[in-house]
Number of protein chains: 2
Amino acid sequence: MPMAPALITGEFRRLLDDRFRISLPQELEEKLAVESGQCMLIKERVGCLGLWNAQMWQAKLEADVELVKSKLAAGKLHEKIGELQLLGRLLSTRDASVTLDDRRRLLVPDGFRQFLGVEPGSEVMVVGAGVSIEIWNPRAWLAYVRKRMPKFRKLLNHLSR
Amino acid sequence: MPMAPALITGEFRRLLDDRFRISLPQELEEKLAVESGQCMLIKERVGCLGLWNAQMWQAKLEADVELVKSKLAAGKLHEKIGELQLLGRLLSTRDASVTLDDRRRLLVPDGFRQFLGVEPGSEVMVVGAGVSIEIWNPRAWLAYVRKRMPKFRKLLNHLSR
DNA sequence: CGAATTGTGGGATGGACGCCCACTAAAAAA
DNA sequence: TTTTTTAGTGGGCGTCCATCCCACAATTCG
């Protein structure tokens with residue numbers, strides 16, 4: 001029987017140190033299954049960064065690109081050249097390969113700091129997102145939970161249907 | 001053979017100590033049937049936490065994940081991953097895996113303290129909720145009972161019909 | 001070339017938590 | 001009633017780890 005990888009969950013409060021580092025909870029980090037600390041950092045949405053297992057991110061990315069290609073082949077993107085350009089640009093700044101140090105600390109790279117919208121010395125939330133780890137601006141996290149939690153039951157029912 | 005679990009009932013007054021621990025009544029705790037003290041703590045509603053048998057919850061969740069994985073294999077990749085992420089985020093802030101100590105004490109984790117809305121040294125109510133144990137803010141419990149008790153007779157009739 | 005900035009590593013410290021024992025009050029037994 | 005047992009609560013101690021702080025290297029800038 002195929003082993004399902006553990007669902008990554010958990011909510012932790014962390015401090016961004018003066019060097020823009022975040023020490024990840026080992027409970028979450030070990031579930032990413034990254035040997036050598038190599039992973040992918042993604043701009044998920046304003047106020048939220050995603051940290052992925054490199055292989056898994058690659059797979060997801062290829063699936064996305066494959067979809068775009070198939071649509072292209074079907075001629076559905078002819079009037080959307082501009083959007084394709086935009087997609088290309090976004091892909092360029094969207095992710096960065098990062099390495100965790102021996103204490104499971106993540107150094108948030110330059111462009112990602114403003115995107116997260118936090119100052120050195122302030123708090124962030126570290127949250128398990130099923131298949132990835134996410135770093136949240138606390139205010140964005142609060143707003144997100146408020147908005148999405150009401151639909152939790154529905155989502156669970158939907159997925160277990 | 002599957003044993004019908006005993007209905008968990010009972011109402012107890014307990015102290016939240018200065019380390020945010022609550023000692024559970026053994027009468028309730030033993031009905032959860034947790035060896036090794038592993039269980040799942042849930043934010044049920046503001047002022048109320050639920051404590052569940054971990055295996056029960058795990059089994060349901062694993063089934064969900066397994067189902068999602070099979071759907072993934074069938075091709076609908078990205079939007080399902082998106083839903084999986086969403087589910088993971090909501091689970092992260094809603095649930096926490098906890099371990100009872102040798103005296104059947106529950107350590108209330110950080111995010112759950114504010115949600116319960118009680119100070120260290122104050123009282124909480126520990127209530128059997130049929131299949132789970134609930135920790136209540138006393139004021140929330142009082143308000144809940146006031147509101148729901150009038151319908152008790154009707155509910156009993158309905159369930160025993 | 002020197003100074004400031006930034007990435008990287010690691011020692012030191014304090015706080016949180018798990019483990020375990022002590023005290024007390026209440027219940028049960030004698 | 002007195003004695004014994006049991007359960008709730010408090011807290012000491014050791015460990016782990018998040019954070020603070022410093023050292024050093026690499027890079028950039030004046």
Side-chain angles (χ1 to χ4, degrees), chain A residues 10-32 34 36-41 49 51 96-116 118-128 133-136 138, chain B residues 8 10-32 34-41 49 51 54 96-114 116 118-128 133-136 138:
Chain A
E11 184 190 35
F12 301 85
R13 179 189 308 262
R14 282 292 184 276
L15 244 58
L16 193 70
D17 76 8
D18 58 341
R19 299 289 184 169
F20 294 96
R21 291 179 295 189
I22 299 166
S23 79
L24 302 176
Q26 76 172 9
E27 181 185 333
L28 295 188
E29 192 269 348
E30 64 196 14
K31 286 191 186 145
L32 265 196
V34 285
S36 80
Q38 271 291 131
C39 32
M40 266 307 171
L41 189 65
L49 305 178
L51 191 67
S97 171
V98 293
T99 308
L100 307 182
D101 69 18
D102 61 332
R103 293 192 201 180
R104 307 183 316 276
R105 280 184 299 193
L106 163 70
L107 175 72
V108 181
D110 198 8
F112 292 71
R113 295 166 189 174
Q114 303 88 319
F115 191 81
L116 191 55
V118 290
E119 300 299 309
S122 66
E123 295 191 329
V124 297
M125 298 302 295
V126 182
V127 179
I133 298 174
E134 291 179 343
I135 318 295
W136 284 79
Chain B
I8 304 176
E11 183 193 34
F12 302 85
R13 181 184 301 264
R14 282 291 183 276
L15 237 58
L16 187 73
D17 73 14
D18 58 349
R19 290 165 153 187
F20 294 96
R21 292 177 298 187
I22 299 168
S23 77
L24 304 175
Q26 76 170 7
E27 181 185 334
L28 297 189
E29 192 269 348
E30 63 196 14
K31 285 188 187 149
L32 266 195
V34 286
E35 65 279 19
S36 81
Q38 272 291 131
C39 27
M40 198 57 84
L41 188 66
L49 305 178
L51 191 67
S97 169
V98 293
T99 308
L100 308 182
D101 71 12
D102 61 331
R103 297 280 175 177
R104 307 183 316 278
R105 276 185 295 196
L106 162 71
L107 175 72
V108 181
D110 195 17
F112 293 70
R113 296 167 189 175
Q114 302 88 317
L116 190 56
V118 289
E119 298 301 309
S122 66
E123 295 190 327
V124 297
M125 298 303 297
V126 181
V127 180
I133 299 174
E134 290 180 345
I135 318 294
W136 283 80

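Letters A, B, ... mirror the listed sequences (proteins, then strands); counts begin at 1. Bear in mind that the values here come from a model prediction, so they are computed numbers and not experimental data.
- Protein atom CZ of B:R14 is 13 Å distant from nucleotide atom C1' of C:dA25, rounded to whole Å.
- Residue A:L107 has its side chain nearest to C:dG7 when only D:dT19, C:dG7, C:dC19 are considered.
- Distance A:L100 CG to C:dG7 P: 15 Å, rounded to the nearest Å.
- Residue B:E119 qualifies as open at atom CD: its count of foreign heavy atoms under 6.0 Å is 12 or below.
- Residue contacts shown for A:D102 are limited to sugar-phosphate atoms, with no base heavy atom under 4.0 Å away.
- Note on A:R105: every side-chain N or O is 4.0 Å or more away from OP1 and OP2 of C:dT8.
- Here C:dG9 presents its C1' atom at 16 Å from CG of A:L106, a figure rounded to the nearest Å.
- With hydrogens and angles disregarded, a donor-acceptor distance shorter than 3.5 Å links the side chain of B:R113 to the backbone of B:V108.
- The side chain of B:R104 lies closest to D:dG8, out of D:dG8, C:dT8, D:dC20.
- Here the side chain of A:R21 pairs no donor or acceptor atom with the backbone of A:L107 at under 3.5 angstrom.
- Here D:dT6 presents its C1' atom at 17 Å from CG of B:L24, a figure rounded to the nearest Å.
- For A:R103 and D:dA18, the shortest distance from a side-chain N or O to OP1 or OP2 is not below 4.0 Å.
- Between D:dG11, C:dG7, D:dC17, one nucleotide has an atom nearer to the side chain of A:R113 than all others, and that is C:dG7.
- Rounded to whole angstrom, the span from the CZ atom of B:F20 across to the C1' atom of C:dG15 amounts to 13 Å.
- A side-chain contact (heavy atoms from CB on, under 4.5 Å) with A:V118 holds for exactly one of A:I135, A:L16, A:I22; it is A:L16.
- Rounded to whole Å, the distance from CG on B:D101 to P on C:dC17 is 13 Å.
- The side chain of B:R19 places no N or O atom within less than 4.0 Å of a non-bridging phosphate oxygen (OP1 or OP2) of D:dT9.
- Residue A:D18 contributes atom CG, which lies 15 Å from atom P of C:dT8 at whole-angstrom precision.
- Taking only side-chain nitrogens and oxygens, A:S23 comes nearer than 4.0 Å to OP1 or OP2 of D:dT19.
- In the set D:dA7, D:dT9, D:dC21, D:dA7 carries the atom at the smallest distance from any side-chain atom of B:Q26.
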A:R14/A:E123 under salt bridge (Lys or Arg N to Asp or Glu O under 4.0 Å): CA gap, chis, key distance, verdict | CA-CA 6 Å; A:R14 282 292 184 276; A:E123 295 191 329; over 6 Å; no
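- Distance, B:D17 CG to C:dC17 C1': 12 Å, rounded to whole Å.
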